[in-house]
Structure formats: C-alpha cells, structure tokens
Amino acid sequence: MFARGLQVLFVSVFLAGCASTVPLYRGQVDTLARDTRPAELEQILGEATAFAQADVQMGERRYLARRYQLQTGTRQEMSVVCTPTCIPISIAVPVLVEYVLIQRQPGGELLAWGTPEELSKDADTEVSSIMPMVKQRLEANAKDAAKKS
C-alpha cells in the first residue's frame, strides 16, 4: 500500500514536469552577446521553449520578443505521503523568473535579453522605449495561448 502511494506521487510529479515548458539556464544566457548571430542564438537556446512571443512594431522598426522561464536555482518543498503511516518527502522545485529576448527583424539580430524589469530600465533607449509595448503584447499572447490549451 505504501509503495503504491509513493508511485502515485512520483508519477504525478513526473507528469507535471512533462507538461511544462523547458526553462533557460544561467549558463545559456551567460553566453549571449549583442553580436550573437541568429543561428548561433537558436543553438544556444537549445531545447528551451518560449511560452509567449510577440511581433512588435515601433516606427519603422520591427522586433520579435520571446518570453522564457529562466531557472535561477531550486528550493526544497516538503510533502507528506500517508498510507498506514505518514512519511515526509523532500522535493526539489525549480525557482523560475521571467526572461525576455528581443531580436530585430527581419534579420534576427539579438538586441536585448534580461528580465522585463531590467530591460525596462535599459540604458539603450531603443530597448527601454519598446518595453511597454513588448510587455503588453507578450501578456496578451500568453493569455491567448492559455485559453487555447
């Protein structure tokens, strides 16, 4: 009976992990630079999945903004499995922050990357001036995607 309870718990945790997006990791974003070419960028991003993206036009310039989850670490959470007796189980849970990459279009040159707060305060006025629109579009597209799933 106890083994069955543990199996159910582990299968639940595993399936919940499968349903989520693949996060970015610090090692990936640490290798980004303004001169990162589009093909190289996709290689660096690897299996990471954007959970929202938006095309943004500001004047004559067009941009592609993609929102990811960046895993910055893990934290321990306790869960209790009770069958005839109760046993506490420690589970490592990832700590995630929102992370945005912005590319100029149509060439795909990397313009900026960071948290929305960092990008909103960026010294480059091209970046900071488009961030209100980027945030608005990414949020709207994320809500639309959530409704469809």
Side-chain angles (χ1 to χ4, degrees), residues 5-81 87-149:
L6 279 178
Q7 287 175 336
V8 169
L9 174 68
F10 289 122
V11 168
S12 301
V13 169
F14 177 77
L15 290 176
C18 291
S20 63
T21 59
V22 177
L24 284 173
Y25 295 95
R26 183 61 62 193
Q28 290 170 286
V29 298
D30 287 347
T31 62
L32 297 177
R34 285 257 178 145
D35 62 350
T36 302
R37 294 202 158 88
E40 185 182 4
L41 175 62
E42 296 309 315
Q43 185 178 18
I44 290 169
L45 296 175
E47 298 294 317
T49 51
F51 66 91
Q53 71 177 33
D55 291 310
V56 176
Q57 178 121 15
M58 193 76 148
E60 295 296 314
R61 294 201 175 215
R62 287 188 1 205
Y63 306 91
L64 171 65
R66 294 185 279 179
R67 183 165 41 171
Y68 293 87
Q69 293 290 333
L70 173 66
Q71 184 171 338
T72 59
T74 59
R75 70 177 189 280
Q76 295 296 315
E77 285 191 3
M78 294 300 290
S79 181
V80 178
V81 175
I87 299 173
I89 297 176
S90 178
I91 301 171
V93 177
V95 175
L96 303 169
V97 296
E98 184 178 334
Y99 206 78
V100 176
L101 276 78
I102 301 173
Q103 294 172 273
R104 286 188 186 105
Q105 295 300 312
E109 300 88 20
L110 184 59
L111 172 64
W113 59 99
T115 66
E117 295 77 25
E118 292 169 340
L119 297 177
S120 293
K121 298 174 185 174
D122 198 294
D124 183 341
T125 56
E126 181 179 7
V127 176
S128 58
S129 66
I130 65 170
M131 279 310 294
M133 188 177 293
V134 165
K135 286 182 190 179
Q136 179 185 31
R137 295 269 170 84
L138 285 173
E139 191 62 36
N141 289 354
K143 285 180 183 176
D144 289 344
K147 286 179 186 176
K148 291 178 184 176
S149 58

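By convention here, the first residue in the shown sequence is residue 1. Remember, predicted model here, so these are calculated numbers, not experimental data.
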Where do [X] and [Y] come nearest, in terms of heavy atoms and distance?
{"X": "Ala92", "Y": "Gln76", "answer": "CB-NE2, 3.6 Å"}
{"X": "Ala65", "Y": "Val134", "answer": "CB-CG1, 3.6 Å"}
{"X": "Glu98", "Y": "Pro116", "answer": "OE2-CG, 3.3 Å"}
{"X": "Leu119", "Y": "Val127", "answer": "O-CG1, 3.7 Å"}
{"X": "Leu96", "Y": "Gln69", "answer": "CB-OE1, 3.3 Å"}

Taking only residues at least two apart or on different chains, which pairs with a member in residues 120-137 satisfy side chain to side chain donor-acceptor pair (under 3.5 Å)? Arg34-Asp124, Arg61-Glu126, Tyr63-Glu126, Arg104-Glu126, Ser120-Lys135
Which pairs pass side chain to side chain donor-acceptor pair (under 3.5 Å) with one or both residues in residues 36-55, sequence neighbours excluded?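 Every side chain to side chain donor-acceptor pair (under 3.5 Å) pair that includes a residue of residues 36-55, provided the two are not neighbours, is Glu42-Arg66.
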Listed by chain and number, what are the salt bridge (Lys or Arg N to Asp or Glu O under 4.0 Å) partners of [X], not counting sequence neighbours?
{"X": "Glu109", "value": "none"}
{"X": "Glu139", "value": "Arg67"}
{"X": "Glu77", "value": "Arg75"}
{"X": "Arg62", "value": "none"}

Output every pair passing salt bridge (charged side-chain N to carboxylate O under 4.0 Å, His left out) with a member in residues 22-32, not counting sequence neighbours, ordered by first then second residue. none
With sequence neighbours excluded, tell me which residues meet side-chain hydrogen bond (donor to acceptor under 3.5 Å, both in side chains) with Glu60.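 Per chain and number, Glu60 pairs via side-chain hydrogen bond (donor to acceptor under 3.5 Å, both in side chains) with no residue.
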Can you measure from CG (Leu70) to CH2 (Trp113) and round to the nearest 0.5 angstrom? 13.5 Å
Supply the atom-to-atom distance Leu32 CG to Leu110 CG, rounded to the nearest 0.5 angstrom.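 Reported value, rounded in 0.5 Å steps: 6.0 Å.
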When you measure from the side chain of Gln71 to the backbone N and O of Tyr25, does any donor-acceptor pair fall under 3.5 Å?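 No: the side chain of Gln71 does not pair with the backbone of Tyr25.
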Restricting to side chain to side chain contact (heavy atoms under 4.5 Å, CB included), what partner residues turn up for Pro38, sequence neighbours left out? none
Please lay out, stage by stage, how Leu45 and Leu101 fare under the test side chain to side chain contact (heavy atoms under 4.5 Å, CB included). CA-CA 10 Å; Leu45 296 175; Leu101 276 78; 3.9 Å; yes
